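Notes to accompany the following structure.
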Amino acid sequence: MARALPAARALPAGGTVGAYVVGTYAVDTRDGRVGQVMGHVGGYVQLRPPGGGREWDCPPDTAAAAPPDVVLRARVRAVNRESALAGAAPLSPRPARRSSG
């Protein structure tokens with residue numbers, strides 16, 4: 001079973017590192033990647049792709065609050081990826097074959 005992602009919350013207004021709350025989502029405006037805020041180190045906001053992956057550092061002046069539709073798309077992709085990686089059973093499994101013998 002895929003783990004549930006935390007509910008999306010809007011980022012507070014402001015451009016300071018402290019304004020980006022851990023667990024919220026932000027867009028790195030340098031390349032458009034969406035990430036979940038994991039922490040703040042050395043004046044940077046640490047972001048991680050929804051569903052996991054390698055964190056990256058984003059200067060706070062290039063981070064922006066992720067709009068709800070962007071967050072939803074990113075979270076759905078993450079859940080679908082987790083389901084595929086976990087080997088989720090098909091929706092209509094084939095019945096087991098009986099041996100004739």
Side-chain angles (χ1 to χ4, degrees):
M1 175 176 228
R3 69 177 165 80
L5 295 172
R9 297 183 302 231
L11 291 175
T16 63
V17 173
Y20 298 100
V21 179
V22 172
T24 59
Y25 291 88
V27 176
D28 186 339
T29 59
R30 298 175 297 176
D31 56 14
R33 288 185 292 174
V34 177
Q36 186 174 15
V37 177
M38 302 306 292
H40 315 98
V41 174
Y44 289 89
V45 179
Q46 292 182 311
L47 300 174
R48 177 178 290 170
R54 181 176 236 161
E55 290 182 10
W56 75 95
D57 292 331
C58 180
D61 59 337
T62 64
D69 62 320
V70 171
V71 173
L72 179 61
R73 272 195 303 272
R75 294 177 70 212
V76 167
R77 271 194 307 268
V79 169
N80 286 341
R81 183 174 41 248
E82 276 189 29
S83 295
L85 292 174
L91 292 178
S92 54
R94 293 183 201 160
R97 289 187 174 192
R98 295 182 189 208
S99 62
S100 58

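Along the sequence shown, residues carry numbers from 1. All values below were derived from every heavy atom in this structure, side-chain atoms included, with hydrogens, water molecules and symmetry-related copies excluded. Predicted model only: the values in this text are computed from it and were never measured.
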- Considering all heavy atoms of both residues, which atom of V37 and which atom of A26 are nearest to each other, and what is their separation?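 In terms of heavy atoms, the two residues are closest at CG2-CB, 4.4 Å.
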Over all heavy atoms of both residues, which pair between V34 and A74 is shortest? Give the atoms and the distance, please.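 In terms of heavy atoms, the two residues are closest at CG1-CB, 4.0 Å.
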With sequence neighbours left out, the residues meeting side-chain contact (heavy atoms from CB on, under 4.5 Å) with D57 are Y44, Q46
Taken in chain and number order and not counting sequence neighbours, the residues that satisfy side-chain contact (heavy atoms from CB on, under 4.5 Å) with T29 are T62, A64
CD (E55) and CG (L47) are apart, to the nearest 0.5 Å, by 8.5 Å
**Study point:** All salt bridge (Lys or Arg N to Asp or Glu O under 4.0 Å) counterparts of R81, not counting sequence neighbours
**Key:**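 Result, salt bridge (Lys or Arg N to Asp or Glu O under 4.0 Å) vs R81: none returned.
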Pairing residues for R77 by the salt bridge (Lys or Arg N to Asp or Glu O under 4.0 Å) criterion, not counting sequence neighbours:
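Not a single residue meets the salt bridge (Lys or Arg N to Asp or Glu O under 4.0 Å) criterion with R77.
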**Study point:** Six-ring centre of W56, R48 cation under 6.0 angstrom, axis tolerance 45°
**Key:**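 No; the conditions do not both hold, so R48 does not lie above the ring face of W56.
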Residues pairing under salt bridge (Lys or Arg N to Asp or Glu O under 4.0 Å) where one sits in residues 63-73, two or more places apart or in two chains, turn out to be D69-R73
Sidechain-backbone polar pair: H40 side chain, V21 backbone, donor-acceptor under 3.5 Å: no
Worksheet entry | Test item: Y20 side-chain N/O and A63 main-chain N/O as donor-acceptor pair under 3.5 Å |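 It does hold such a pair.
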field: Min side-chain heavy-atom separation P59-R30 under 4.5 Å
entry: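 Side chain of P59 against side chain of R30, heavy atoms only: contact under 4.5 Å found.
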